[in-house]
Structures are given as C-alpha cells and as structure tokens.
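Below is one structure, written out as structure tokens; the observations come after it.
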Amino acid sequence: MLDPRRFRQDPEAIAEALKLRGFELDLATYHDLEDARHKLQTDVETLQHERNVKSKHIGVAKQRGEDIEPLVAEVGDLGARLDELSGEFHRVQEELHDFLLHIPNLPDASVPPGESEEENEELRVWGDRPVFDFEPRDHVEIAGTSLDFEASVRISGSRFSVLKGELAKLHRCLIQFMLDVHIAEHGYEELYVPFIVNRETMTATGQLPKFEDDMFFVRGEIDRFLIPTAEVPITNMVRDQILDASELPIRYVSHTPCFRRESGSHGKDTRGLIRVHQFEKVELVQITHPDASWEALEALTNHAETILRRLDLPYRAVVLCGGDLGFAAAKTIDLEVWLPGFNRYREVSSCSNFVDFQARRAQARFRPNPTARTEFVHTLNGSGLAIGRTLLAILENNQQEDGTVRLPEALVPYMGVEVLRF
RNA sequence: GGAGAGGUGGCCGAGUGGUUGAAGGCGCUCCCCUGCUAAGGGAGUAUGGGCAGAAACCCAUCGAGGGUUCGAAUCCCUCCCUCUCCGCCA
C-alpha cells in the first residue's frame, strides 16, 4: 500500500508515476472518497468528544449522589446521530482503504519505461550458450519416461508433473544444493513454513484483494489459500511486529511448493515443466532498514546468480520495464536462463525490492533507536531459484548426442554420478 | 472430536459498569548519586489517526466483529486463537 499521507499531499504526482507501469489512477473517485472521509471523520470525532464529556459528567454526578436524569436527557439522540454518522464514516473509510489496496506500488526512478517484457532492459549476460553438433532436444524429449505426464494428468489434470527415478532425485538434490549455498555462504536462516495461509497474510504481500482468481482457494471454516510463492509466508514472519534495529537485516531462505492457477494463460507454455500449477522453489527474503534495501537488492540478486554460475548455466539479468513490473514491486530484476530446447531465455528468478509497500500492508515496523517512533521496514525477495525450470535448463544445456546428460560439477557430490541416462 | 481455563502495553500481570489508555513489576531511555563492581534516587517510556512536521488539543484501540448502555477492558452474542485433560492420529 502507498503512504496515504503522500497520497493526500499530491495525488496527481502519484497518478503520473503510476502511468509508467500503465496504471490509470481514478483521481475523481479518490478525491470524492478522501473529501467524504475527511468531513465524516471530523464530524464523528466531534460528536464522540461531546458524548465522552457528557458521559463523564454523568459519572461524576452519580458518584456525588446527584440526580442524573436531566443530564441523561441532555444526551438525547446524540447516540443515534453518532451511530448514523459513524456507520457512514466506516463505510467510506473501508471503501477508501479498499481503493488504496488495489493501487500498485510506485516504480523506482531507475525503472525503464515500457509496456511489455519486450522492453525490459538487459543488464548483463553470463556464460556461453552451448553449441551442439546435433539438433538439441527439449527437456520433455530428453527426460523421456522419467517425466510422466500421462500419470500426472490422470492424478490431477493438466499442468502437473510426475518425476521418476534419477530425475526426481536430481530435483531433490537441486533443492538441497541451493539451500546449502544460501545458508552456508550467503548468511540466510532456513525456515519451514505453512503452505496454506489466511486472507490477512495474502493481503499483506499483495496477492489479495486484486489477484484472488490466480490463487488456489481452500474451502473451510475460514478462507485459506495455497501459497503461490514462499514470499507470502516468509514475509509475513514480520507482520504486525515491531523489530529492534539491531535485528536488521533479516535474511530467510525456505524451500516450498508453489501453487498457481495460471488462469490467464490458457494455451500458453503447455509443454513440459515450464508452466505448471505446482512447482518447487527455494526463496530468498530479506527484511531491511529502509536505507539498505537497494544495496540488499543487488546482494540478493547476486545470491541467486551464484546458483546459476555454480551450475554453469548461461543466463542474463534484465530489469523489468514499468509495464512488466509486478503489483507490489518498486523494481524487479529477472534472471533468465538459456534454454536450448526453446532457443530462448526463460525466467528462473525474479528479484524485487518492495520498499515499504508490503511492510505498510503488513504493519511490519522497526524502531530506529530506543526512543524513536517506529518506521516501516523494507522487504525484498527473489527466487534462488525455481527448481523445475532450473532442472530443465540443466537437461537442455548439458544434453549429449546419445541422449545422456552430463551433470554440472557442483551437483556430482549430491547425485553421486557424473552422467544421467534416462 | 469431547470437557475445562484463558487472550490486557516490548514482557509479566492487576483490573466485573463511571475522570482507566489502563495499577504494580520487569525491561528500556535520560538525569542524579556512588572512586571499580554491585546497588540506590528521580523523570520518562503503547500504537494509529484528525494533521507534512513540532507543540497543544481531540478521536480510536484491552484477540476480532456485533450488541446492551448516557457511559464497556469489565455485561451479552458470534467468530478466531492459545493452554490443560480425554479421545484419535503421522
């Protein structure tokens, strides 16, 4: 959520800034709501004050043993008027709050203009794309029967996967490898978290209220959702907390499954492991001091890149343009791995700084020093990395003519072999 | 799933209808005292909002939401959560 004060001060400037991401702010509605809110709040608080004062008089009079009837009569229909006005006030306040919850974060000044991923800006390219003296296959062909979509369709439907044997093991080893690096070398603390979360949690990180249709809903006594990313439970570790400045930065890493409806992507990426309803991810989250978040974004991105480099996977880093930026992000750097089977780069990690946008929704604060007022922390996250896509990148980049796959050195100790045969 | 007990500030904890945003303690901040250490004395110390900030003033908040009342931390209802015992279970 954006700062309501900043909003009040200069809504036009906010509208202008949001244009970069292609968001048209409804200023007329905003002004109507804000004006109504202001008037109602003043009126309601005046009436409440009046009621409080009179009630106190009654209390004092009663204690003295005086007749309180005239005083009670004096209060008259104050309660009724107050009920009516405060009802209206709360309706407007809620409407305004809901309006603000649907507004995306402001793009950082360094975010390039643009409408779609076509206009993302390439930051750097790493590694040599493999050259094959045969026609490279895609991961579905390479994995053969180890990737059993016939089974996953029977079990669940389209956009799920069943991995078998060595392929399933490689999947597990990738998770282990990534966790090991981030914990031992990058200073992250590992978390095990719930995969089913409540509405408040989903609202704090920005998935709700706007993107409810993209989420898997779990029916029950209270509304719950399957997490679309570990960012959701991890960032909510600090929801409603007042941290001590000395606790920052907090670095968490967690491996979780991620569940996505992919509702708007019918017919897109239907082959293989690229876009599925359930996939695994090792996620990095940082909670930082507001002054430290941009530096932290660089560090976090580098932590994710380290995994790609250790796995000898050619990749590039791109800055997302305004139009491609996610709802809650102020700036995002995507890491895209080269996929020979598709002859293109595909996203394996998305590293974002949300500045205080999520923190404000989550009421995640810290105290700069023992006597100071609280301030919102900054939150960041990035995949380190998406497991399924990394897995297929390894298959496709390291395939050999005979259909075997040579493992990157970093994985050999985990797998116990150097070459996989499917 | 059954029975019971609870949810109050950073923490512990008092408070069953009236100047209670909340006693007391711990912790923390500042000051004083003390030749180190230990200890002592004083003052301060919730969050958000009205309102960019400061002061003053005002409003809201005692798990959440409703209700009763002139007035609710306190009474009533619904929900959520925690703990104890029993049952069940990996």
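Please read all numbers here as calculations on a predicted model, not as lab measurements.
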Hydrogens and angles aside, do [X] and [Y] bring a side-chain donor and acceptor to less than 3.5 Å of each other?
{"X": "A:K331", "Y": "A:S110", "answer": "yes"}
{"X": "A:Q358", "Y": "A:T379", "answer": "yes"}
{"X": "A:S263", "Y": "A:D213", "answer": "no"}
{"X": "A:Q207", "Y": "A:T205", "answer": "yes"}
{"X": "A:R360", "Y": "A:N105", "answer": "no"}

Does [N] have a Watson-Crick or wobble mate here (both distances under 3.5 Å), and if so which one?
{"N": "B:C36", "value": "none"}
{"N": "B:A90", "value": "none"}
{"N": "B:G27", "value": "B:U45"}
{"N": "B:G6", "value": "B:C81"}
{"N": "B:G53", "value": "none"}
{"N": "B:U74", "value": "none"}

Just N and O in the side chain of A:R8: are any of them under 4.0 Å from OP1 or OP2 of B:A52? yes

Is there a side-chain contact between A:H49 and the phosphate of B:C58, meaning an N or O under 4.0 Å from OP1 or OP2? no

Whole-angstrom distance between [N] and [M], as gauged at atom [atom1]:
{"N": "B:G63", "M": "B:C83", "atom1": "C1'", "answer": "15 Å"}
{"N": "B:U8", "M": "B:G21", "atom1": "C1'", "answer": "11 Å"}
{"N": "B:G48", "M": "B:A55", "atom1": "P", "answer": "14 Å"}
{"N": "B:C81", "M": "B:C75", "atom1": "P", "answer": "23 Å"}
{"N": "B:C80", "M": "B:G27", "atom1": "C1'", "answer": "30 Å"}
{"N": "B:G42", "M": "B:C26", "atom1": "P", "answer": "12 Å"}
{"N": "B:A5", "M": "B:C58", "atom1": "P", "answer": "41 Å"}
{"N": "B:C28", "M": "B:A46", "atom1": "C1'", "answer": "13 Å"}

Which one, [options], comes nearest to the side chain of [X]?
{"X": "A:R51", "options": "B:C70, B:C58, B:G50", "result": "B:C70"}
{"X": "A:T374", "options": "B:G48, B:G50, B:C59", "result": "B:G48"}
{"X": "A:S55", "options": "B:G18, B:G53, B:C59", "result": "B:G18"}
{"X": "A:R5", "options": "B:G53, B:G50, B:A60", "result": "B:G53"}

Counting any heavy atom closer than 4.0 Å, what does [X] reach on the DNA or RNA strands: base, sugar-phosphate only, or nothing?
{"X": "A:N52", "value": "sugar-phosphate"}
{"X": "A:K62", "value": "base"}
{"X": "A:R360", "value": "nothing"}

Please give, in whole Å, the distance from [N] [atom2] to [X] [atom1]?
{"X": "A:L243", "N": "B:A46", "atom1": "CG", "atom2": "C1'", "result": "16 Å"}
{"X": "A:E66", "N": "B:U19", "atom1": "CD", "atom2": "P", "result": "17 Å"}
{"X": "A:I68", "N": "B:G71", "atom1": "CD1", "atom2": "C1'", "result": "10 Å"}
{"X": "A:L47", "N": "B:G71", "atom1": "CG", "atom2": "P", "result": "13 Å"}
{"X": "A:R64", "N": "B:U19", "atom1": "CZ", "atom2": "P", "result": "14 Å"}
{"X": "A:E375", "N": "B:G53", "atom1": "CD", "atom2": "P", "result": "12 Å"}
{"X": "A:E69", "N": "B:G71", "atom1": "CD", "atom2": "P", "result": "14 Å"}
{"X": "A:H97", "N": "B:A60", "atom1": "NE2", "atom2": "P", "result": "20 Å"}

Could you label the plane-to-plane angle of the A:Y188 and A:H182 rings as parallel, tilted or perpendicular, counting under 30° as parallel and over 60° as perpendicular? perpendicular

Is it the case that atom CD in A:E409 sees more than 12 heavy atoms from other parts of the structure closer than 6.0 Å? no

Is there a donor on the side chain of A:K56 or the base of B:G18 sitting less than 3.5 Å from an acceptor on the other? no

What string of B, S and - do you get for nucleotides 8-15 of chain B 5' to 3' if you count protein non-hydrogen atoms under 4.0 Å? --------

Between A:R367 and A:A245, is there a donor-acceptor pair closer than 3.5 Å when you use the side chain of the first and the backbone of the second? no

Option among A:H186, A:H303, A:Q176 that satisfies the side-chain contact (heavy atoms from CB on, under 4.5 Å) test with A:V181: A:H186

Per nearest nucleotide of RNA chain B, the residue lying toward the 5' end, A:T46 or A:P4, is A:P4

Please figure out whether A:V44 or A:F376 has its closest RNA chain B nucleotide nearer the 5' end. A:F376

Aromatic contact between A:F216 and A:H277, with the criterion being ring centroids under 6.0 Å apart: yes or no? yes

